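As the structure is a computational prediction, the values presented were derived from the model and not from experiment. Per chain, numbering begins at 1; letters A, B, ... match sequence-line order.
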Protein chains: 2
Amino acid sequence: MNIDLASPDSAPPCGDRVAVAAKLAALSHPARIEILLHLAGSEACCCKDVVQRLDLAQSTVSQHLKVLVDAGLVRLTPERPRSRYEVDREALAALSGAVSGLLLSCCAGPHSGPAR
Amino acid sequence: MNIDLASPDSAPPCGDRVAVAAKLAALSHPARIEILLHLAGSEACCCKDVVQRLDLAQSTVSQHLKVLVDAGLVRLTPERPRSRYEVDREALAALSGAVSGLLLSCCAGPHSGPAR
DNA sequence: ATCGTAAATCGCCGATCTACGATGAATATC
DNA sequence: GATATTCATCGTAGATCGGCGATTTACGAT
């Protein structure tokens, strides 16, 4: 019943705690953070680039990429010679805002929360 | 957490990513997000409070709290009648900053340097 | 037609997570 | 002492994750 309606910032209310948790789960693996940073560092790159950089098997990297794509943090363009992966910068910015909103609201103290 | 990422050849913070990933893993469960918000809403509260709020078994809640404590997001004062849990606001603020920095740096584009 | 490459998928395993009930320890209270 | 409360821990079952090799798919090139 703790549905905070008065979300201060632009962050949408609470129904997305599950959604935020899902995206954070996608981010909660060092290899995937590494992949994200690598993708962000280049315009777009293919699976093999990531494999070479990460010292993981190709199948493993493909799985990690899939996790990121499924979470909506990375966009996949399945072109034929080689697929192109690129970070979804809007999604990352939105997630950044959501996480900050969540964490900072926890920092704010017992006053700001509607939980009472 | 088995992390053998490949070459630490990159100068940027790398042990850091593992630490951030670990904290995000602690946050990547809806129940733990809920717990964090609940703790943030009160000065300090005990396990039983959370149990009543979350409709989970006491042992399960205790486990979730332990995850949050181990991740350094919640402080535990094991007093004897009842232990006190409270959010570590500094840690949350720091994590917020780290995550924002990470995500926004990914948003910045093929940046730093002559990447084209 | 055959080969090689890039990527996705499958099957498998060990490890970890989530949840629960049961048990045990420490402290009040009667 | 007996009892109740609160919490941590143990053992468990089932699900999911992380990793790999092997296979499949879809091209392009020879």
I need the [atom1]-[atom2] distance between [X] and [N], as an integer number of Å.
X     : N      : atom1 : atom2 : answer
A/L54 : D/dG19 : CG    : P     : 10 Å
A/Q58 : D/dT25 : CD    : P     : 15 Å
A/D49 : C/dA6  : CG    : C1'   : 11 Å
B/D70 : D/dA8  : CG    : P     : 12 Å
A/E79 : D/dT25 : CD    : C1'   : 17 Å
A/R82 : C/dA8  : CZ    : P     : 13 Å
A/K66 : D/dC17 : NZ    : P     : 12 Å
B/L76 : D/dT9  : CG    : P     : 9 Å

**Q.** Polar side-chain atom of B/S62 near backbone of B/S59 as donor-acceptor pair, under 3.5 Å
**A.**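 Not at all, since once roles are kept as given, no pair shorter than 3.5 Å links the two residues.
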
Q) Counting N and O atoms only, with roles assigned by atom type, does the side chain of A/R32 sit under 3.5 Å from a partner on the main chain of A/A26, one being a donor and the other an acceptor? A)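 It does hold such a pair.
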
What is the nucleic acid contact for [X], judged by heavy atoms within less than 4.0 Å: base, sugar-phosphate only, or nothing?
X     : value
A/S59 : base
A/L65 : nothing
B/R84 : nothing

Side-chain N or O of [X] less than 4.0 angstrom from OP1 or OP2 on [N]?
X     : N      : result
A/S83 : C/dA7  : no
B/H29 : C/dA19 : yes
B/H64 : C/dC17 : no
A/Y85 : C/dA6  : no
B/S62 : D/dA8  : yes
A/R32 : D/dG18 : yes

Among the nucleotides [options], which one has an atom lying closest to any side-chain atom of [X]?
X     : options               : value
A/C46 : D/dG21, C/dA7, C/dA8  : C/dA7
A/C47 : C/dA19, C/dA8, C/dT9  : C/dA8
B/K48 : D/dC10, D/dC20, D/dC7 : D/dC7

Q: Taking the side chain as every heavy atom from C-beta outward, state whether B/L56 and B/V51 have any pair of such atoms under 4.5 Å apart.
A: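 The answer is no, as the side chains (C-beta and beyond) never meet within the 4.5 Å cut-off.
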
Q | B/K66 bridged to B/D70 by N-O distance under 4.0 Å | A |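 Yes, B/K66 and B/D70 are salt-bridged.
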
Q) Looking at A/R84 and A/E86, does any basic side-chain N land under 4.0 Å from a carboxylate oxygen? A)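 Result for this pair is yes, salt bridge flagged.
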
